[in-house]
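A, B, ... follow the sequence lines: proteins, then strands. Residue 1 opens every chain.
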2 protein chains.
Amino acid sequence: MRVRSFADRIGGFLSLTVSEQNALAGLEGRARSLRRGAVLVRENDRTADLFVLSSGMMMSYVLLHDGSRQILRFLFPGDLAGAGALAYATSPESVVALADSVVCLFDRAQVAAVMARHPRLALAMTAIDQAERAAMTDRLAGLGRTSAQARIAAVLLDIRDRMRRSGEEVASGFTLPLTQEEIGDASGLTAVHVNRMLRQLEEMGLIARTGGRVILSDEVRLARTANYVDRLSRIDLSWLVPIPA
Amino acid sequence: MRVRSFADRIGGFLSLTVSEQNALAGLEGRARSLRRGAVLVRENDRTADLFVLSSGMMMSYVLLHDGSRQILRFLFPGDLAGAGALAYATSPESVVALADSVVCLFDRAQVAAVMARHPRLALAMTAIDQAERAAMTDRLAGLGRTSAQARIAAVLLDIRDRMRRSGEEVASGFTLPLTQEEIGDASGLTAVHVNRMLRQLEEMGLIARTGGRVILSDEVRLARTANYVDRLSRIDLSWLVPIPA
DNA sequence: CGACGCGTTGACCTCGATCAATTAGCGTGG
DNA sequence: CCACGCTAATTGATCGAGGTCAACGCGTCG
């Protein structure tokens, strides 16, 4: 199983000073293991913790009054989540494990202290968050303005890229760790229609499926139909380098 | 015309020290006036600036390959935008003035410097950003999972609350500074359907319209049908207070 | 074996899109 | 003051993407 720390993630965008590395190492908080399906945070729970997913896979979502669910984000090793705790006393979203997972919890005061001492880390964190925001706006545009087919294609590409970034070896294909209902809740569709769109993408030759595995056969056309951009890969922190502590 | 600085906005959540006030005052950047319709930033433009809207009203949006538009956010005086510059060399979104407006531009290096010197401001900025993220997830859930009627109701409530926060006196009603097409591009609907939903809300007695003015006649029912939450009003930074510089 | 969750498929329906036409508001020039 | 032209709002008719409902297959687990 792939394991990633937050230091690994930040280090991927910025070369860290020893002092910064130590700060991040010292931050490694309370570890907690979660079984598949276990709920880490429930919407409106009182919470003061942020966390980094160390291994496994999780998702965050909100529930609407009629019981329907909108999945906001899939989490992979190295991802920071729960940052809502910086602004709210209670969580604006629920977080649940999609696979057996391990998380590292940090109290927001710890996070604040590290940010105060290491401005460059604070800025890197902010920048990564901005990239996630951009990814979210892409999803917003997808839900508001694109076809069911495009949304499914986008989900597939997004998960593939996030798996890769988290250290998984994803060559041509990967095992989709989601039910079609979950894909639907992420893309604003019903499970039934997700099924039809997967079939359609398959018939068009853009993907192939065998068992639980998905192969992105024609990434170029897939990315084009999805309007997809890998926001995390475009991060440019070069302007930040000349500002050491 | 209402004018708001970023200091006003942050000060609304946190009592600032003199040093912090000075830092924000010193940050007030290059002012720039924009006519209604003027484009401040275009998607993929090279940019290193963030900005605060001082007066007027703007919006950010992205364009899809087929030419359709998704409005991401409406900006009111005091709102910070362009934070994508912290992560990217080119803007992930376009920003345009919806009314004659004035903005204050800051280079990201300036912003970084202030954040480095004033950790509490950095955290407050981060927290406000988290609140905007929460608002965006609400919109995501709205687009993915709610009816056209609910989305329109949400847009109306959102704009009302943002106007209020920016200092506008919004009693029972306000002048909607948007075309129905813009409301549609914000909510993932067509202008035609926006029109029908406005009429429907009117017939249901939830809103009233006279000329360009909208009156939210039954806020309670409106909020219920919209699944609406005012994220900015729930920010709780009390935990931050005990960490002075 | 039976219950259950998930995937798959078909039949049908609805919400919102699309197409089209009309009306209202408003600034401009005569 | 009025004719014109443009943009936005409004309304009706029709279409279609995606939802809903229902049935069935298949694998897993107790």
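Between B/D66 and B/S68, the side chains place a donor N or O and an acceptor N or O closer than 3.5 Å (distance only, hydrogens not considered).
Candidate nucleotides C/dT9, C/dT18, C/dG16 were compared by shortest atom distance to the side chain of A/R199, and C/dT9 ranks first.
B/T190 comes within 4.0 angstrom of a base, heavy atoms only. Residue contacts for B/G188: at a heavy-atom cut-off of 4.0 Å it reaches the sugar-phosphate backbone alone, with no base atom in range.
Within the structure, a side-chain polar atom (N or O) of A/R209 is placed less than 4.0 Å from OP1 or OP2 of C/dT8.
For the pair A/N195 CG and C/dC6 C1', the computed distance is 10 Å after rounding to whole Å. In this structure, CD of B/E181 is placed 14 Å from C1' of C/dA17, rounded to the nearest angstrom. Rounded to whole Å, atom P of C/dC13 lies 18 Å from atom NE2 of A/H193. When rounded to the nearest whole Å, the span between CD1 of A/I183 and P of C/dG5 equals 19 Å. Rounded to an integer number of Å, the gap from CD of B/Q200 to P of C/dC15 is 10 Å.
Near DNA chain D, defined here as any heavy-atom distance below 4.0 Å, there are no residues from residues 146-153 of chain B.
A/R231 and A/E132 are not joined by a salt bridge, as no carboxylate oxygen comes within less than 4.0 angstrom of a charged side-chain nitrogen. Look at A/R145 and B/D185 and you find a salt bridge, because one of the NZ, NE, NH1 or NH2 atoms lies within 4.0 Å of a carboxylate O, short of that distance.
At least one donor-acceptor pair closer than 3.5 Å links the side chain of B/E43 to the backbone N or O of B/L63. With hydrogens and angles disregarded, a donor-acceptor distance shorter than 3.5 Å links the side chain of B/S101 to the backbone of B/A99.
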### Message
Is there a salt bridge (charged side-chain N to carboxylate O under 4.0 Å, His left out) between A/E219 and A/R160? Walk through the geometry before answering.
### Response
CA-CA 11 Å; A/E219 300 198 20; A/R160 197 275 311 265; 3.0 Å; yes
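Remark: the B/R196 side chain and the C/dT18 base include a donor-acceptor N/O pair separated by less than 3.5 Å.
With a cutoff of under 4.0 Å to any heavy atom of chain A, the contacted region of DNA chain D is bounded 5' to 3' by D/dG18 to D/dC21.
Using a 4.5 Å heavy-atom threshold, the side chains of B/D138 and B/D158 count as separate. Side-chain contact between B/V62 and B/S94 is absent, with no heavy-atom pair separated by less than 4.5 Å.
Under the 6.0 Å distance and 45° angle rule, A/R162 does not count as a cation-pi partner of A/F76.
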